[in-house]
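What you are looking at is a predicted structure, and each value in this text was computed from that prediction instead of being measured. All residue numbers in this chain count up from 1 along the given sequence. All ligand and atom numbering here is 1-based and tracks the order in the structure.
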Amino acid sequence: MKSVINPATEEAIEELELAGPEELNAAVEAAKTAWPKWRDVSISDRARLLRRLAGLIEDDAEHLARLETRNVGKPISDSRAEVAMVADVFHFYAGAIDKHYGETIPVEGGVDFTFREPLGVVGLITPWNFPMNIASWKLGPALACGNTVVLKPAEITPLTAMRLAGLALEAEIPEGVLNVVVGPGSVVGKTLVEHPDVAKIAFTGSTEVGRSIMKGAAGTIKRVTLELGGKSANVVFADADLDKAAGSAPIAVFGNAGQDCCARSRILVETSVFDTFVDRLINETKKITVGDPESESTQMGPLVSAQQRDTVASYVDGEAAWQGEAPSGRGYWFPPTILAPVSNDDRVAREEVFGPVVAVIPFHDEAEAIELANDTPYGLSGSVWSKDGAKALRVTRRIDSGVISINSNTSVRVSTPFGGFKQSGFGRELGMHALDGYSEVKNVYMSTEA
Ligand code: NAP
Ligand code: MG
């Protein structure tokens, strides 16, 4: 038995029997059996079932949000927004299925056209930081395309994924189409990755595990998409609206207690405004309410585990420019921490901290801003702040990152592609792009010769 822990109280909220390879194999078998039937469900019926699931998620929203908050420690207002996005994701893919077109291609002697065929059984492996959201980003397009799935959530935060599987059955999505298996990644995750009946693995998690998944998938030439770590730059030029840039910078890194792959954990600031910016950043960060995630006003809760807290603490050895407060006593708390000035060569600027620690790094000019932003193995997200639109766009085009915003610190939208460059992974989730990752292109030539 495994206890599922509330990170704000360290109390067990549920006891679970963990699955092993046998249960995983049974889930793959169920998905394999269900696949031909699900593939053949008409497009309008598939869309109707996904819409029904979205509706049940909306009806269950408060319960799902509470469950996510208790399991992950994230503020209840964040969990509510995340549930709303989960429902939107299913609505989006219900509406997208019949817009994922093939092509007709001019050829001689006949007609040539393409189909988008489902892959079959798809394995989904998700992390603990946004358990429900990230599961939906994979489930929506995978199911819409006509695949069946085996979802392996992170073993410490499995509760909302389990609930989603129950809601899918309630929506009358046939048994075997959406299977959830809760067990350790190194055992059931690995078995899923190597399984000969699984056509693809869609993974979100650390770059280190992503690397092992690529290797494990090689044996069966599985398709793989990887959403991995990040060390995103928030580039602030002297001519930016500093109130706006500093106003949104704290939540862009301390949101979800910094456990966000898109966290803008390196703030690059032009030297002429460096001190002013750091002062404003400190003032704005002071406004973040840290505490009980179930309280309506909380903006930052605890970290997910004691292990995560220890990892984060290891990045703060010297003196911080500013460190806030966090509750003492039970719970895996760590206060928001601002380190400044930091060199881009320091460990805290190179590695993904995945906690509420930000490194503020000075730069002199446009060229150096681009160089520093790109001086990282990652390329997931980021921002550029300047009132000079041409400069902002010029710099944005030169930053090697899959997702970037100008004069904004947002990253994710239901209808726009999300994914990484470099060691942040490959493949895109969300938007119409995600459908490409859950289908194969089949080209058909038909002779029209008499
Ligand atoms: P993780 O340690 O890589 O684990 C991710 C998932 O992989 C979990 O379900 C884990 O299972 C499973 N796993 C572990 N070892 C495995 C193996 N050998 N084979 C197959 N599966 C295995 O990541 P995490 O600690 O949960 O999450 C934090 C990381 O996720 C950060 O690096 C963050 O940047 C990244 N992330 C990326 C994105 C993105 O979209 N790019 C979004 C969110 C998070 P168990 O934990 O149950 O063992
Ligand atoms: Mg991990």
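Listed by atom number, the atoms of ligand 1 under 4.0 Å from T126 heavy atoms are 6 (C), 8 (C), 9 (O). Listed by atom number, the atoms of ligand 1 under 4.0 Å from G189 heavy atoms are 19 (N), 20 (C), 21 (N). The G183 neighbourhood of ligand 1 comprises atoms 47 (O), with distances under 4.0 Å to a heavy atom of that residue. Atoms of ligand 1 lying under 4.0 Å from at least one heavy atom of F418, given by number and element, are 40 (O). Taking every non-hydrogen atom of E227 and a distance limit under 4.0 Å, the qualifying atoms of ligand 1 come out as 37 (C), 38 (C), 39 (C), 40 (O), 41 (N). If you number the atoms of ligand 1 from 1 as listed, the ones under 4.0 Å from a heavy atom of W128 come out as 24 (P), 25 (O), 26 (O), 27 (O). Near K190, the atoms of ligand 1 lying under 4.0 angstrom from a non-hydrogen atom of the residue are 19 (N), 20 (C). Each of the atoms 42 (C), 43 (C) of ligand 1 lies under 4.0 Å from some heavy atom of I134.
Under the 3.5 Å distance criterion, the side-chain polar atoms of T298 are left unmatched by any main-chain donor or acceptor of E294. Between the N147 side chain and the L119 main chain, a donor and an acceptor come within less than 3.5 Å of each other. Distance alone, capped at 3.5 Å, is enough to place a donor-acceptor pair between the Q308 side chain and the F354 backbone. In this structure, the side chain of R266 engages the main chain of A373 through a donor-acceptor pair within 3.5 Å. Between the E23 side chain and the G20 main chain, a donor and an acceptor come within less than 3.5 Å of each other.
Summarising the contacts of atom 47 (O) of ligand 1 with E208, E155, E194, the nearest heavy atom is found in E155. Counting only non-hydrogen atoms, the option in G216, G210, G185, P184 that gets closest to atom 14 (C) of ligand 1 is G185. Closest heavy-atom approach to atom 2 (O) of ligand 1 within the set P131, P127, S206: this belongs to S206. In this structure, of S212, G123, S186, C261, the residue bringing a heavy atom nearest to atom 39 (C) of ligand 1 is C261. The option from F203, F354, W137 that lies nearest to atom 28 (C) of ligand 1, judged by heavy atoms, is F354.
A donor atom on one side chain and an acceptor atom on the other are not found under 3.5 Å apart for T289 and S297.
Judged by the shortest distance from any of its heavy atoms, C262 lies outside the 4.0 Å radius around the atoms of ligand 1. At least one heavy atom of P153 sits under 4.0 Å from some atom of ligand 1. Within the 4.0 Å heavy-atom cutoff, F130 does not count among the residues contacting ligand 1.
Atom CD of E10 has more than 12 neighbouring heavy atoms from other residues, nucleotides or ligands inside a 6.0 Å radius. The number of heavy-atom neighbours closer than 6.0 Å to NZ of K2, taken from other residues, nucleotides and ligands shown, is above 12.
In terms of polar-atom proximity, defined here as any N/O pair under 3.5 Å, T204 makes no such contact with ligand 1. Backbone and side-chain nitrogen or oxygen atoms of E352 are examined, and one is located within less than 3.5 angstrom of a nitrogen or oxygen of ligand 1. Between L228 and ligand 1, at least one N/O pair is under 3.5 Å apart.
Heavy atoms of L380 found under 4.0 angstrom from ligand 1 belong exclusively to the side chain. Counting heavy atoms closer than 4.0 Å to ligand 1, residue N129 contributes side-chain atoms (C-beta onward) but none from N, CA, C or O.
Note on E208 versus R211: no salt bridge recorded, every NZ/NE/NH1/NH2 to OD/OE distance being 4.0 Å or above. Here E366 pairs with R394 in a salt bridge; the nearest charged N to carboxylate O distance falls below 4.0 Å. With respect to R39 and E117, no salt bridge is recorded, no charged nitrogen being found less than 4.0 Å from a carboxylate O.
For the pair R330/T9, no side-chain contact is recorded, criterion being any heavy-atom separation below 4.5 Å from C-beta on.
Annotation: side-chain hydrogen bond (donor to acceptor under 3.5 Å, both in side chains) contacts of E368 (sequence neighbours excluded): H364.
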